[in-house]
2 protein chains.
Amino acid sequence: MASDPRFSYVSPMSSEIASLTLRALRRVLRATEIGSRRLASTTGLTPSQWLVLREIGSRDAATPGAVANTLQFSQATITAIVDRLEELGLVQRRRGDRDKRQVILSALPAGQVALVDSPDLLQTNFTERFAQLPLWEQSMLLAAAERLSVLMDAQHIDAAPLLDSGAIDRSEPA
Amino acid sequence: MASDPRFSYVSPMSSEIASLTLRALRRVLRATEIGSRRLASTTGLTPSQWLVLREIGSRDAATPGAVANTLQFSQATITAIVDRLEELGLVQRRRGDRDKRQVILSALPAGQVALVDSPDLLQTNFTERFAQLPLWEQSMLLAAAERLSVLMDAQHIDAAPLLDSGAIDRSEPA
DNA sequence: CGCATATACTTCACCAATCGAAATATATGT
DNA sequence: ACATATATTTCGATTGGTGAAGTATATGCG
């Protein structure tokens, strides 16, 4: 960014930069949203199903509760989605050994294939383009993205910090 | 692989930076997603309803078709959502004068209030935090966000090419 | 004009998503 | 052993979302 030491033109006020940044971010959101919908229709999975499958596949041994927590869905929702994934032969339910209340979800071969087949259209395309950039810019973008995630996450500190056994109360705001 | 002995610490490869950036971005996405859900529950509107309302409010005279196009929903979906917004007394349907097949949607006072009342929780929080940052960082983040939006949008250039093809036609008074 | 065709919506039938509340089964502490 | 907490499912209900068919209006053409 070329910087004019004297700032003889009207430098945008802080709040304007913020809103411009937000607008750009919304464009990002929109792109990913549409992309995920498209991806989903390619694999025959709905976005939610895909998300849940990915969550299960990535840990290879998740419980409905943990998945619900991570994705911020209710357990009931996860149950319904897992029902379908099970019907499709993509995931498997089995009872926990240590704790028989638990249900252990794992991706069946077909499920893993589905995930690999569509590693994330988004990721693929993005990665390609990203790789074209000079290293300094890549680093800059990484730093910025992390900064942004903190800025936005901050308001949801309660929403994501837990990975496993949900020992969190989560008092719901009306 | 790619262990270059000249670097004493592990400098991430390009692809790694990309995936780290993606991860950060996903966190951003997640935050906004959850945020929008929460926002919606605050206003009593679902995300979709809110989106449609915003779309209507922002143009102050939209047709279902145009809204459907912009948001990439089917007309049937818009019809259903508008039904609810109408029941809630937030928007109004009236028939087009020039073309009586058309339906003109407009936000009623209550609808506009709803929009103003919740300008975007996300925006509010983000803006506050953003304002705390030094100017140089704000600028940096803006640049990064725009860069990112291009990187992601690029793959969808075909996805939204018609965004205004239907949205125009503001040949209001013949 | 009169008809064919195109457009703008709505209706309908259908399934997925999502949730809260209640039900079920298992753990755990006292 | 009993009360209570936890993990999940079931149930009932609403919304989201779509394609296909239906309705009304427009438009072009002979």
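Letters A, B, ... are given to chains in the order of the sequence lines, protein chains preceding strands, and every chain is numbered from 1. Just the heavy atoms: all of them, side chains too, but no hydrogens, waters or symmetry mates, feed the values below.
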key: Sequence-aligned protein contact record of nucleotides 20-29 of chain D, with B where the base is within under 4.0 Å of a protein heavy atom and S where only the sugar-phosphate is   = ----BBS---

ask   = Between the main-chain N or O of B/F130 and the side-chain N or O of B/Q138, is there a donor-acceptor pair closer than 3.5 Å?
value =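 Between the backbone of B/F130 and the side chain of B/Q138 there is a qualifying donor-acceptor contact (under 3.5 Å).
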
key: Side chain A/Q132, main chain A/R129, donor-acceptor under 3.5 Å   = no

The side chain of [X] is closest to which nucleotide in this list: [options]?
{"X": "A/P64", "options": "C/dC19, D/dT8, D/dG17", "answer": "D/dT8"}
{"X": "A/S74", "options": "D/dG17, C/dA17, C/dC19", "answer": "C/dC19"}
{"X": "A/R84", "options": "C/dC19, C/dA17, C/dC9", "answer": "C/dA17"}

For [X], give me all partners under side chain to side chain contact (heavy atoms under 4.5 Å, CB included), at least two apart in sequence or on another chain.
{"X": "B/E55", "result": "B/S58, B/R59, B/V67, B/T70, B/L71"}
{"X": "B/P109", "result": "none"}
{"X": "B/E137", "result": "A/R147, B/L133, B/P134, B/L141"}
{"X": "A/A80", "result": "A/R84"}

To the nearest Å, give me how far apart [atom1] ([X]) and [atom2] ([N]) are.
{"X": "B/E87", "N": "D/dG16", "atom1": "CD", "atom2": "P", "value": "11 Å"}
{"X": "B/L71", "N": "D/dG16", "atom1": "CG", "atom2": "C1'", "value": "13 Å"}
{"X": "B/I78", "N": "C/dT11", "atom1": "CD1", "atom2": "P", "value": "15 Å"}
{"X": "A/N69", "N": "D/dA7", "atom1": "CG", "atom2": "C1'", "value": "12 Å"}
{"X": "B/Q72", "N": "D/dG16", "atom1": "CD", "atom2": "P", "value": "18 Å"}
{"X": "B/F73", "N": "C/dA8", "atom1": "CZ", "atom2": "P", "value": "20 Å"}
{"X": "A/D83", "N": "C/dT18", "atom1": "CG", "atom2": "C1'", "value": "14 Å"}

Are OP1 or OP2 of [N] and a side-chain N or O of [X] less than 4.0 angstrom apart?
{"X": "A/Q75", "N": "D/dT8", "result": "yes"}
{"X": "A/S48", "N": "C/dT18", "result": "yes"}
{"X": "B/T46", "N": "D/dG16", "result": "yes"}
{"X": "B/T63", "N": "C/dC9", "result": "yes"}
{"X": "A/Q49", "N": "C/dA17", "result": "yes"}

task = Of all the heavy-atom pairs spanning A/T63 and A/L105, show the shortest one and how long it is.
result =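 It is C-CD1, 4.1 Å.
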
Upstream residue (5' side of DNA chain D) when A/Q102 and B/I81 are each assigned their closest nucleotide =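 First, find each residue's nearest nucleotide; the 5'-ward one identifies A/Q102.
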
query = Who pairs with B/S74 by side chain to side chain donor-acceptor pair (under 3.5 Å), at least two apart in sequence or on another chain?
reply = B/T77

message = Reading 5' to 3' and counting Watson-Crick or G-U wobble pairs with both distances under 3.5 Å, write the dot-bracket notation for DNA chain C, | for bases paired outside the strand.
response = ||||||||||||||||||||||||||||||

message = Students often get this wrong, so: under 4.0 angstrom with heavy atoms, is A/T77 touching a base, only sugar-phosphate, or nothing?
response = base

inquiry  = Determine whether A/Q102 and A/R95 satisfy the following criterion, side chain to side chain contact (heavy atoms under 4.5 Å, CB included), listing intermediate values before the conclusion.
reply    = CA-CA 6 Å; A/Q102 285 190 70; A/R95 221 72 212 196; over 6 Å; no

request  = Determine which pairs satisfy salt bridge (charged side-chain N to carboxylate O under 4.0 Å, His left out) with at least one residue from residues 66-83 of chain B, sequence neighbours left out, and list them in order.
outcome  =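 Only B/D83-B/R93 qualify under salt bridge (charged side-chain N to carboxylate O under 4.0 Å, His left out).
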
